[in-house]
Peer 1: 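Got a structure for you, written out below as structure tokens; questions coming shortly.
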Amino acid sequence: MAEQREMKEKNPWHRPVIICITVFIAMGVITLVAMAVVQNKPLHQKYKYGIVLDAGSSHTSVYIYEWPAEKENNTGMVRQTHACNVKGKGISSYAWNISYAGMSLRECMEEAKEKIPVWRHPETPVYLGATAGMRLLRMFNAAVSDQVLSSVERFLQTYPFLYQGARIISGQEEGAYGWITVNYLNGNFRKALTTMGALDLGGASTQITFVSKQEVESEENSMLFRLYGNDYHVYTHSFLCYGKDQALKLALAKQLQTGESQLRDPCFHPGYIEQKSLASSPCVPETRPHDSERTFTHTGTGNASLCQEVVKRIFNFTHCPWGRCSFNGVFQPPVEGQFGAFSAFYFVMNFLNLTSDSLEQSKLKMDHYCSTPWAEIKQRYPSVKQKYLAEYCFSGTYILTLLENGYNFTSENWKDIQFIKKIGDSDAGWTLGYMLNLTNMIPAEAPDEPPLPHGGYVAIMVLFSLFIFILFLLAYKLFGRPVCNANKQII
Ligand SMILES: O=c1[nH]cnc2c1ncn2[C@@H]1O[C@H](COP(=O)(O)OP(=O)(O)O)[C@@H](O)[C@H]1O
Ligand SMILES: [Ca+2]
């Protein structure tokens with residue numbers, strides 16, 4: 001007994017002070033590793049900002065984007081933090097009131113000044129891109145469209161941001177940047193996944209953009225992007241005058257061709273009656289000289305199938321100089337894959353509750369909706385803007401016709417169209433893609449990334465420290481006593 005006690009006392013592992021020291025060392029290792037790892041993380045995320053103004057035909061929106069400053073070239077980092085709708089109409093409507101075009105942006109730009117930290121103002125880029133409304137104005141009167149752009153330019157330059165220009169973007173750019181936006185936000189580039197097509201419906205133009213495995217026969221519809229180490233052969237087309245507001249003008253002009261002053265229109269609800277005039281625009285050329293403002297009485301008859309016949313007449317399906325066409329002699333390969341349909345595609349289909357219906361169900365619902373009397377519609381939706389409300393029967397029918405007869409979607413692939421407004425926090429639209437491109441934020445080649453994300457690295461370090469600690473304990477249990485026993489045998 002006395003020998004045993006002596007042995008225990010000689011074995012240092014049996015002393016409580018040594019046990020305590022071991023535990024403290026192990027805990028110290030864990031704490032040190034954890035602290036070193038946490039300390040390596042940047043102190044706090046510093047954000048950078050960018051502002052893009054979408055000067056559309058119907059109105060202007062101001063978008064603010066932010067991204068972590070040290071992750072500028074990592075794709076998937078940019079997100080929309082704020083959107084502001086400019087009151088009033090689009091900048092092209094200031095053609096005869098030019099000095100107010102810039103001033104109209106004041107409220108939203110003041111908001112941007114408040115939302116972005118002051119110290120970031122001088123390095124925050126501001127871009128303005130104008131779309132089909134300004135394209136039409138330029139066709140109508142190039143000098144006036146230049147003056148409108150100068151007015152907004154002068155105004156934007158009074159702000160403390162880094163002004164990067166105001167210009168009319170091409171239809172090709174509008175389509176391509178919309179496609180970049182939806183695929184960037186869905187993380188498709190980073191993961192080298194198959195991409196999603198983009199369908200954008202505005203007031204004055206509409207865009208279709210998707211990756212096609214088939215050859216793109218017409219050069220003007222073909223774009224090549226190298227993003228994140230992958231090549232994308234993209235088909236894109238923008239139809240000027242086929243946004244929903246100009247398409248309505250085309251449909252009215254077609255029906256007014258007979259020269260009557262009374263128009264009985266199946267695309268408007270029964271009981272709808274308004275005095276209107278149809279001003280000539282580059283989309284609706286004057287059919288008769290000296291007849292630039294045709295006034296007429298517009299009455300609704302509410303019949304969706306007849307409306308579809310009217311809408312079909314604004315497309316030319318017979319002339320096609322290529323292997324295959326969408327309409328108006330424009331080449332289009334067969335649609336393939338998933339599509340995101342945004343802006344007015346979403347507003348209209350969402351209002352009509354058609355975002356998750358089949359093509360057949362959508363047509364049946366449109367029959368019912370269009371034949372509902374105007375008085376009942378107004379009563380049912382008292383808070384909806386009357387201009388939108390009056391036009392939803394036309395707009396819904398136009399969308400179904402454009403997608404089915406124009407782009408050749410079928411009952412089978414209708415489910416591949418997702419009507420979307422936002423992806424995460426960011427609106428689907430061309431603006432984000434535009435900014436990503438101009439700031440070179442999507443690299444052509446994939447940058448080298450650390451093998452582990454920061455969180456995973458911390459977890460592994462802590463687990464390893466724990467593992468070492470447990471090994472210490474085990475070693476004590478296993479080797480502490482046997483040493484005594486061995487000594488006993490020798491004795
Ligand atoms: O809440 C809504 N309901 C229906 N249509 C809407 C709503 N908000 C916007 N819109 C429509 O979306 C379209 C937006 O077009 P935009 O102004 O972007 O023209 P653009 O892209 O052809 O230049 C317009 O036709 C506008 O009337
Ligand atoms: Ca638009």
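The model shown is predicted, which means the values in this text are computed figures rather than measured ones. Indexing begins at 1, ligand by ligand and atom by atom, following the structure's order.
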Peer 1: Ser205: heavy atom below 4.0 Å from ligand 1, yes or no?
Peer 2: yes
Peer 1: Do me a favour and list the nearest non-hydrogen protein atom to atom 1 (O) of ligand 1 with residue, atom name and distance?
Peer 2: Tyr388 CE1, 3.7 Å
Peer 1: Specify the protein heavy atom at minimum distance from atom 25 (O) of ligand 1: its residue, its atom name, and the distance to 0.1 Å.
Peer 2: Asp245 OD2, 3.0 Å
Peer 1: Name the closest protein heavy atom to atom 23 (O) of ligand 1, giving the residue it belongs to and the distance to 0.1 Å.
Peer 2: Thr131 OG1, 2.6 Å
Peer 1: Out of Ser343, Ser57, Gly429, whose heavy atom is nearest to atom 20 (P) of ligand 1?
Peer 2: Ser57
Peer 1: Considering only the protein, which heavy-atom contact is closest to atom 18 (O) of ligand 1, and what is its distance?
Peer 2: Gly56 CA, 4.1 Å
Peer 1: Please work out which of the three classes, parallel, tilted or perpendicular, describes the rings of Phe345 and Phe419, given edges at 30° and 60°.
Peer 2: tilted
Peer 1: Carefully, step by step, assess Glu360 and Lys363 under the rule salt bridge (charged side-chain N to carboxylate O under 4.0 Å, His left out).
Peer 2: CA-CA 5 Å; Glu360 283 64 36; Lys363 283 185 184 169; 5.5 Å; no
Peer 1: Under 4.0 Å from a heavy atom of Lys244: give me the atoms of ligand 1 that qualify, with their elements.
Peer 2: 5 (N), 11 (C), 25 (O), 27 (O)
Peer 1: If you measure every N/O of Ala344 against every N/O of ligand 1, is any gap under 3.5 Å?
Peer 2: no
Peer 1: Should the ring pair Tyr235 and Phe210 be called parallel, tilted or perpendicular, given that the plane angle runs from 0 to 90° and is split at 30 and 60?
Peer 2: tilted
Peer 1: Do the rings of Tyr49 and Tyr47 sit parallel, tilted or perpendicular, given the 30° and 60° boundaries?
Peer 2: tilted
Peer 1: So, regarding Gly203 and ligand 1 (criterion: nitrogen or oxygen to nitrogen or oxygen, under 3.5 Å), is there a contact or not?
Peer 2: yes
Peer 1: Of all the heavy atoms in Lys385, does at least one lie under 4.0 Å from an atom in ligand 1?
Peer 2: no
Peer 1: Side chains of Asp200 and Ser343: is there a donor and an acceptor less than 3.5 Å apart?
Peer 2: yes
Peer 1: Determine whether the side chains of His82 and Glu111 contain a donor N or O and an acceptor N or O closer than 3.5 Å.
Peer 2: yes
Peer 1: Judged by non-hydrogen atoms, does Gly243 sit under 4.0 Å from ligand 1?
Peer 2: no
Peer 1: Quick one: does Ser58 get an N or O within less than 3.5 Å of an N or O on ligand 1?
Peer 2: yes
Peer 1: List the closest protein heavy-atom neighbour of atom 22 (O) of ligand 1: residue, atom name, distance to the nearest 0.1 Å.
Peer 2: Ala204 N, 2.8 Å
Peer 1: Show the atoms of ligand 1 that are less than 4.0 angstrom away from any heavy atom in His59.
Peer 2: 17 (O)
Peer 1: Test side chain to side chain contact (heavy atoms under 4.5 Å, CB included) on His298 and Leu252; report intermediate values, then the result.
Peer 2: CA-CA 9 Å; His298 193 197; Leu252 291 177; 3.6 Å; yes
Peer 1: Should you measure from each heavy atom of Glu174, which atoms of ligand 1 turn up under 4.0 Å away?
Peer 2: 21 (O)
Peer 1: After noting the C-alpha distance and the side-chain angles of Cys267 and Cys307, does the key distance pass the disulfide bond (SG atoms under 2.5 Å apart) rule?
Peer 2: CA-CA 5 Å; Cys267 302; Cys307 176; 2.1 Å; yes
Peer 1: Need the ligand 1 atom indices (1-based, order shown) with element for anything under 4.0 Å from a heavy-atom of Ala132.
Peer 2: 22 (O), 23 (O)
Peer 1: Side chains of Ser358 and Gln361: any donor to acceptor distance under 3.5 Å?
Peer 2: yes
Peer 1: Please determine, by modelled atom types, if Thr195 and Asn183 share a side-chain donor-acceptor pair under 3.5 angstrom.
Peer 2: no
Peer 1: Compute the minimum heavy-atom distance from Tyr392 to ligand 1 and say whether it is under 4.0 Å.
Peer 2: yes
Peer 1: Which class fits the ring pair Tyr242 and Phe239: parallel under 30°, tilted 30 to 60°, perpendicular over 60°?
Peer 2: perpendicular
